[in-house]
Amino acid sequence: MMTAQAAQRAVQLRAEIERHNHQYYVLDAPLIPDAEYDQLFRELQALETSYPELVTPDSPTRRVGGRPLEGFAPVRHVVPMLSIRTETDISDAGALAFDARVRRELGKPEAVIEYACELKFDGLALNLRYERGVLVQAATRGDGETGEDVTQNVRTIRQIPLRLAGCEAEVLEVRGEVYMSRADFGRYNDRQREHGLPTLVNPRNGAAGSIRQLDPALAARRPLSFYAYGLGEVRGWALPESHSAVLDALAAFGLPVCGERAVVQGAPGLVDFHRRVAEKRDSLPFDIDGVVYKVNSLALQQELGFVTREPRWAVAHKFPAEEQLTVVRDIDIQVGRTGKLTPVAKLEPVFVGGTTVSNATLHNEDETRRKDVRIGDTVIVRRAGDVIPEVVGVVLENPSTSLRYAQGERERGEPFDLYARLGGKCPVCGSHITREEGEADWRCTGGLVCAAQRKQAILHFAGRRAMDIEGLGDKLVEQLVDSGIVHSLPDLYRLDAATLAGLDRMAERSAQNIVDALQKSRHAKLARFIFALGIRNVGETTAKDLARHFGTLGKVRDADVERLQQVPDVGPVVAASVYEFFREPHNIEVIDDLLNPARCGLVLEEGDGVGSEGLPLYGKTFVLTGTLASMSRDEAKSHLEALGAKVAGSVSKNTDFVVAGAEAGSKLDKAQQLGVPVLDENGLMEILGRSKEW
DNA sequence: TGGCCTCGAGTTCA
DNA sequence: CTCGAGGCCA
C-alpha cells in the first residue's frame, strides 16, 4: 500500500472508530458487534505499526475506550485502566504464541511460566476505590485515563461490599467487571415486555446501560452482578507475590471473585484451561468472550512491563464469536403444513458459533417489522446456547459500506409487508391469504389444493411419530408431488417399485425399501393414525387421548363437540378442530380410501375404548432426560405408556419420577429443585421389569 | 379471572 | 428448544 493511500485509510478508520466509540460508550447504542469493531481497531493498529509516521496523538489507538458522559463527574484514574491485548489466533495456537512471547521477553526460553487463568466477562469495567476499607468512589474506565463517577449507581449493586472485611489499607482500588447474568437478563426483559416497556438487546448492553443510568433509582432496578479481577492504586497494603494470591485476598475481603479460575503451568496449562472453559461456556450463568491469561508472579509482571498501553504479561484469548454481521440477501416465504406463511431471511453465509449459517427464521410479519429487517440490510446474527440462529437486529450502518457511503444514509429496501410481497396470494398455489384478527400469522387458504401444504401433510403422515414410513423424506415427497405421481395420501399406497425407481436418486434397492416400508405401515395403531391425519391442534398426546377414550376411529369421527370435550385435556378449541376435520368431505374420502381393503388396505389396531385404570403405572407421570444405554427415549416412553404411565415433556411438581440417563440436562436440575424422585437407568429397568410380572 | 402446566407447531445444520 | 396458546384448577 502506498503511503498516501495508507494515510487516507488511517483517517477513515479513525473517524469510523471514534464514531463507534461514541455510539458504544456514550450513547450505549452500538451499531456493530464487538468482533467487527475489534477488526477495525486492529486494522488501524496494523497500519500505524507499518507506518509509524501516521500515528497522531489523538488516534483512538492511543486511548483505551470512549469518553465520559456529560452528567457524570469525571474521575482521573491514578493508575490508568488499561485494556488487554487480544490474541488474534483463536485456536490453541493463540495460547502457545502468548507463552512463547512471554518466555522470549523474559529471556528464559526454557522456563515453565506459571499463569493465572480467568474468564473474560462481557460487561463493563469498573474501578472501585476503598479508603480504610470503605467504598468511597466507583468509576468507569472511560478513556483509561479519565472515567465517570458512577458511585451512586454502583452502590445499588448488592454484590459490591460498601465496606471491606478486615482491610484497613489507606487506599485499595479494586478493578472488575459489572455484568448481567443470563437469568437476570431474561427475567428483566420478561418483566419489561409484560409492561410494554423497551427490552435490552443483550446482557452486555444491559450492564453498560444500567451503570450509566443518570437516575440511580432506575439503575437500582437493573439486576447487576460484579466480579473483581485486579487492582488499581494501592497504598498501605502489602501486595502478595502473585496475582492469584491477590484475588484470594480480595475474596477474603468479601469481594466477589469468579470461581472459574485456575493457576496453571506453561502453555499446555493454558490450552487445557481454554478447552475446559469452552466446553462449559454455554452452561455458564453469564456470557463470556473468552478467557484471560496473566503471568502469575507480580515480580515477573513488572519485569515484562507494557507496550504503549497494553501489558505484556496478559492477553485475552477469545472464543468464536456468538454474534456476527451478515447481509440479508432475500426474504423467502415458506408455507407450512397448516398453511402458515413464515418469512425466512436468506443470509449471506456467515460462520457464527461454530457453524455456517445461511437461513434464519423471522417467525412472522410482526416480528419482522418489529426488528425492521429489510432485504439488503446488514444484520446481527446470533447462535447462542441453543442451536437455532436468530436475527438479533438490524445494523443501520455497515462499517465496510459506510466508509464508502460515509456522507449519506444508505439506501434501504422497503419495510417488510408480507401481503404486498405476495400480492395477496400464496406463493405456491396462488390461493388468497388471510390473517385473522388477533392472530400473528398469515395463512394460505388453499388447504390441500396447495402443493406446499400437501407435501407437508404427507411428510407429517410418514413421520416417525406418525405412520413411520422409513425413507419417505422431504426430497422424495417433493419429487412425488411435483411430478403429479402423488396427489393425496391414498396415492402413496398405490406406489410400486417400478414407478419409484424412475425417480432421481432412486434405484431398485431404495425403491423396494420404500415399498416395504409402506407395506409395514399398513398396520397401525389407532393413535398413530389419528396423529398422522394432521388435524389442527391435535398432536401426539391428544391423538393418544382420543384413541384411548373412543377406542375406534368410527367413534371419534361420529362424536359431536360435546362428547369430544369429555376427553381429558380436550376443550372447546380442540373439540371444534376435530369435529370440523371429520365434517370435511375430502377428509372423509381420504380416510375411506385409506381403510378400504380393495384400495389402500390400511388396518387399524383399535380397542374398546376402556381407560387404562387397571395398569400398574396408571396415574403416574414420568419425564425422561439424557441418553439411556439400553434403549432409545422413544422406546422407554412406549414401554412406560404400555404400563399406563403418562410421559410428559417437562418437569413440574406434578411429575412423579424423572428418569435421568447419561448427560442429563436442565430437567434433572429442575427435578432436584422440586424434590421430584430421580431414577437412573437401573431404576427404570427395575420398574419396567417388576411391572411386567404383574 | 389469573396463574400454572402441557401440548402443538415450527425451526437449523451436519 | 422455545414460543404461544389451550385447558384446568383455585
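Numbered from 1 within each chain, the chains take letters A, B, ... in sequence-line order. A quick note: this is a predicted structure, and the numbers were derived from the prediction, not measured. Atom set for the values below is all heavy atoms of this structure, side chains included, hydrogens, waters and symmetry mates excluded.
Residues from residues 525-544 of chain A lying near DNA chain C, meaning a heavy-atom separation below 4.0 Å, are absent. Of the residues in residues 445-468 of chain A, not one comes within less than 4.0 Å of DNA chain C through any heavy atom.
Atom CG in A:N364 sits roughly 13 Å away from atom P in B:dG10 (whole-Å rounding). Going from atom CZ of A:R382 over to atom C1' of C:dC1 covers 15 Å, rounded to whole Å. If you take CD1 of A:I333 and P of B:dG10, they are 16 Å apart, rounded to a whole angstrom. With rounding to whole Å, A:L546 atom CG is found 17 Å from C:dG6 atom P. Distance A:D441 CG to B:dG10 P: 9 Å, rounded to the nearest Å. Atom-to-atom, CG of A:L347 to P of B:dT11 comes out at 15 Å; the value is rounded to the nearest Å. Atom CG in A:D656 sits about 10 Å away from atom P in B:dT6, given to the nearest Å. Distance A:H363 NE2 to C:dA5 P: 14 Å, rounded to the nearest Å.
With respect to A:D474 and A:K455, no salt bridge is recorded, no charged nitrogen being found less than 4.0 Å from a carboxylate O. A salt bridge links A:D92 to A:R275: one of the charged nitrogens lies within less than 4.0 Å of a carboxylate oxygen.
Remark: A:L679 CG to A:F622 CZ distance equals 6.5 Å, nearest 0.5 Å.
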Polar pairs (N or O, both sides) under 3.5 Å between protein and nucleotides 8-10 of chain C?
residue: C:dC8; atom: OP1; partner: A:D569; partner atom: N; Å: 3.1

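Under a 3.5 Å cut-off, the side chain of A:E348 and the backbone N or O of A:R329 do not form any donor-acceptor pair. The backbone N or O of A:V449 sits less than 3.5 Å from a side-chain atom of A:R454, completing a donor-acceptor pair. Here the side chain of A:D330 pairs no donor or acceptor atom with the backbone of A:D332 at under 3.5 angstrom. Looking only at distances, no side-chain donor or acceptor of A:R421 sits under 3.5 Å from a matching main-chain atom of A:F416. Between the A:R374 side chain and the A:G413 main chain, a donor and an acceptor come within less than 3.5 Å of each other.
Side chain of A:V574, nearest nucleotide from C:dG6, B:dG10, B:dT11: C:dG6. Among the nucleotides B:dA9, B:dC13, C:dG6, the one closest to the side chain of A:R337 is B:dA9.
Using a 4.0 Å cut-off, some side-chain N or O of A:T338 falls inside it from OP1 or OP2 of B:dG10. Between A:N359 and B:dC13, a side-chain N or O to OP1/OP2 separation shorter than 4.0 Å is present. Distances shorter than 4.0 Å separate none of the side-chain N or O atoms of A:S358 from OP1 or OP2 on B:dT12.
The aromatic rings of A:H317 and A:H274 sit parallel, their planes meeting at an angle under 30°, below the 60° perpendicular limit. Ring planes of A:F286 and A:F121: tilted class, angle from 30 to 60°. Below 30°, between 30° and 60°, or above 60°: for A:Y493 and A:F461 the angle between ring planes is above 60°, a perpendicular geometry.
For the side chain to side chain contact (heavy atoms under 4.5 Å, CB included) test with A:L472, the passing option among A:V486, A:L459, A:L480 is A:L480; the others fail.
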